[in-house]
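Accompanying notes for the structure given below.
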Number of protein chains: 2
Amino acid sequence: MKKQLNIDSVDSDDLERIIQIANVPYRSKGERALWLQIYDRLAEACINGPLESGARLPGENHMAELFSVSRLTMRKALSKLQQEGQLQARKGVGIFVRQRRTRYVIDDDLRFSQSLEANASEIDTKTLELTRAPASREAIVALGMGAVSEVIRMVRLRIVEGEPIYLTSKEFPADRFPRFEEAFSPNQSVTDVYRAHGIPRYTREETRITGGFAHRHEADALGLTHRTPLMRVSSVNLDPEGRPIEFNFGRWPLSAVELVVNQRRS
Amino acid sequence: MKKQLNIDSVDSDDLERIIQIANVPYRSKGERALWLQIYDRLAEACINGPLESGARLPGENHMAELFSVSRLTMRKALSKLQQEGQLQARKGVGIFVRQRRTRYVIDDDLRFSQSLEANASEIDTKTLELTRAPASREAIVALGMGAVSEVIRMVRLRIVEGEPIYLTSKEFPADRFPRFEEAFSPNQSVTDVYRAHGIPRYTREETRITGGFAHRHEADALGLTHRTPLMRVSSVNLDPEGRPIEFNFGRWPLSAVELVVNQRRS
DNA sequence: CAGTGGTCTAGACCACATG
DNA sequence: ATGTGGTCTAGACCACTGG
């Protein structure tokens, strides 16, 4: 009964909590800048504190008044929280609490969903795109394909407890998987596709990890603010004969996950 | 003869270049925000363009005037460039170009310096700290040590072509390396230390990669702006018998490097 | 339509580093 | 003492979203 049915107003309990943390007196500015003190309090409230994921914050003008600062100062605190992925602002709508307190551990040896299932109770996958198209430049290099080769391109989004956590674009050589779509559709499982084409297991060749800042479509898909820092990982799967069968390109919010790469030799 | 001997003034050629890109007319604000257009131009100049690493930019007030915007708008563009690690501001001093255009590739199987040497011509290592101390919490877990075990703690900074790129803190179990310091000092080489203690080679057990935002001392050491996004990697080395001999914790600016994890089974 | 977040201005004070 | 970047204010206009 905490949340009201229409989202368009601030939960009164949450408002109480904001007022409470806003009324704490500030320490001296020389010690820590005003906007950083506000940031500290809000971050605390988002991570450990009483502000739940999905909660809506009061408007910027209102918040600035509550914290007794100018709107710009308020915005600076809020924008840092957005940059960290803890809040998400939607123009014309409002500001919402985004971050889960936990950091998800992903074991790179396993498939992503298996890794997450061990940690999270509720995980959802949306397939945003499944098409046949010419291979991207990256995939051509990674898969060792000809320049005009056709690939099956798949874009998926992993959503954990309501929060988009992982955006992945995969490309598969089309000639290896003539019956991709029909094998995929029953369980939305890539492993099923592999099996249906006589590939009982696969190995991971190499993983490349870089950091960067969210492009437009990445931010949109992950529900992040534009230009938020990201981790990007690209990898290649090989069939038992060592031929590349999948190029994977994944991104997640900088602070959302911990990638574990297991390097013990078998 | 491009750079003057005292750094405290802006290179006149660089000033010319800034003026040139500042005088390009703006597109409509609706299309792209003013501060983003300024950001675009400066980023272009830092990455592809004529602004060299180490170059000093004119002051914020001056730049704001050149670009015909308020100081706040100018600051917003500059601060995004700082966040990306392309610029570095020093209070009371000025703003300097920081980023190299290249992204350094680090092969996780090799030692860091070997990886870099293949890419960069000029690499320098500074040992910031080399002490014996009680193990950190992280190291106790990673190395499987007792709670009061002593470690040799080493903090090093890798500087590539004048830019700090990689900050690493290592901890070694003290009882395994009684003659650490004397074995290390000739070549500043950890491999030498291993050999001197009868460890001809080592293996990497596991690598954990997370993202985050620079703490105070991390930002200071890497010459970054406070709270700049970072990549952090922790790993454990094992001796041939499988006992942990080193806990490593490294950080680099988000966009500086590309980590390559090789997972081919031998 | 009203309210939201996004942008921008002009002006001010501060702490800091350098000469 | 000067100039630097860092912070903060008060006020304004815009584009977008929702009822």
Side-chain angles (χ1 to χ4, degrees), chain A residues 4-10 26-40 56-65 67-83 87-98 216 219-220 223-228, chain B residues 4-10 26-40 56-65 67-83 87-98 216 219-220 223-228:
Chain A
Q4 301 178 9
L5 278 182
N6 35 348
I7 309 289
D8 64 349
S9 79
V10 180
Y26 291 111
R27 288 177 291 154
S28 89
K29 275 192 208 171
E31 197 177 344
R32 192 159 173 84
L34 261 185
W35 70 271
L36 275 172
Q37 296 190 44
I38 297 174
Y39 157 80
D40 290 338
R56 180 186 172 167
L57 267 50
E60 289 179 349
N61 286 299
H62 192 187
M63 300 256 305
E65 201 178 332
F67 280 90
S68 311
V69 294
S70 75
R71 189 178 159 216
L72 196 78
T73 305
M74 195 68 226
R75 271 183 69 77
K76 207 164 174 185
L78 291 171
S79 87
K80 173 160 167 57
L81 287 159
Q82 283 188 59
Q83 182 192 93
L87 297 181
Q88 164 65 3
R90 284 160 56 197
K91 198 195 287 194
V93 184
I95 302 175
F96 301 84
V97 178
R98 190 197 133 87
R216 184 57 170 272
D220 287 348
L224 291 171
T225 305
H226 201 38
R227 299 179 296 276
T228 299
Chain B
Q4 301 178 10
L5 277 182
N6 37 345
I7 310 287
D8 63 348
S9 77
V10 180
Y26 291 112
R27 289 177 290 155
S28 88
K29 276 193 209 171
E31 196 178 343
R32 190 158 174 87
L34 261 186
W35 71 270
L36 274 172
Q37 295 189 45
I38 296 175
Y39 158 79
D40 290 338
R56 181 185 171 170
L57 267 50
E60 288 180 347
N61 287 299
H62 191 186
M63 300 257 301
E65 200 177 334
F67 281 90
S68 312
V69 295
S70 75
R71 188 178 160 213
L72 195 77
T73 305
M74 194 68 227
R75 271 184 69 77
K76 207 164 174 184
L78 291 171
S79 87
K80 174 160 167 57
L81 287 159
Q82 283 188 59
Q83 181 193 93
L87 297 181
Q88 163 66 2
R90 284 160 57 198
K91 200 195 287 194
V93 185
I95 303 175
F96 300 85
V97 178
R98 193 198 128 86
R216 184 57 169 273
D220 287 348
L224 291 171
T225 305
H226 201 39
R227 300 178 297 276
T228 299

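Residue numbers start from 1 in every chain, and the chains themselves are labelled A, B, ... in the order their sequence lines are given, proteins ahead of strands. Owing to the predicted nature of the structure, the values given are computational and were not obtained by experimental measurement. Heavy atoms only: backbone and side chains are in, while hydrogens, waters and symmetry mates are out.
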Checklist line | Atom-pair distance (CE on A:M74; C1' on C:dT4), nearest Å | finding: 15 Å
Notebook entry, point to check: What pairs with B:R216 under side-chain contact (heavy atoms from CB on, under 4.5 Å), at least two apart in sequence or on another chain?
Noted result: B:D220, B:H226
Next item on the list: Indicate whether OP1 or OP2 belonging to C:dG11 is found under 4.0 Å from a side-chain N or O atom of B:S70.
Entry: no
Notebook entry, point to check: Whole Å only: how far is the CD atom of A:E65 from the P atom of D:dA10?
Noted result: 12 Å
Check: Is there a donor-acceptor contact under 3.5 Å from the side chain of B:Y26 to the main chain of B:F67?
Finding: yes
Notebook entry, point to check: What integer distance in Å separates B:F96:CZ from C:dA17:P?
Noted result: 13 Å
Checklist line | Residues which pass salt bridge (charged side-chain N to carboxylate O under 4.0 Å, His left out) with B:R32, listed by chain and number, not counting sequence neighbours | finding: B:D40
Note to self: Checking A:T73 now: which residues fulfil side-chain contact (heavy atoms from CB on, under 4.5 Å) with it, not counting sequence neighbours?
What the structure shows: A:L34, A:W35, A:V69, A:S70
Next item on the list: Mind calculating the distance between OH (B:Y26) and C1' (C:dC8) to the nearest angstrom?
Entry: 12 Å
Margin query: Could you tell me how far apart A:M63 (CE) and C:dT4 (C1') are, to the nearest whole angstrom?
Written below: 14 Å
Notebook entry, point to check: Can you list the residues that meet the side-chain contact (heavy atoms from CB on, under 4.5 Å) rule with A:E60, with sequence neighbours excluded?
Noted result: A:R71, A:R75, A:L78, A:I95
Next item on the list: Produce a footprint string for nucleotides 1-7 of chain D: one letter per nucleotide, 5' end first; B if the base is under 4.0 Å from any protein heavy atom, S if only the sugar-phosphate is, - if neither.
Entry: --BBBBB
Check: Quick one: side-chain contact (heavy atoms from CB on, under 4.5 Å) partners of A:Q83, sequence neighbours excluded?
Finding: A:P229, B:Q83, B:F213
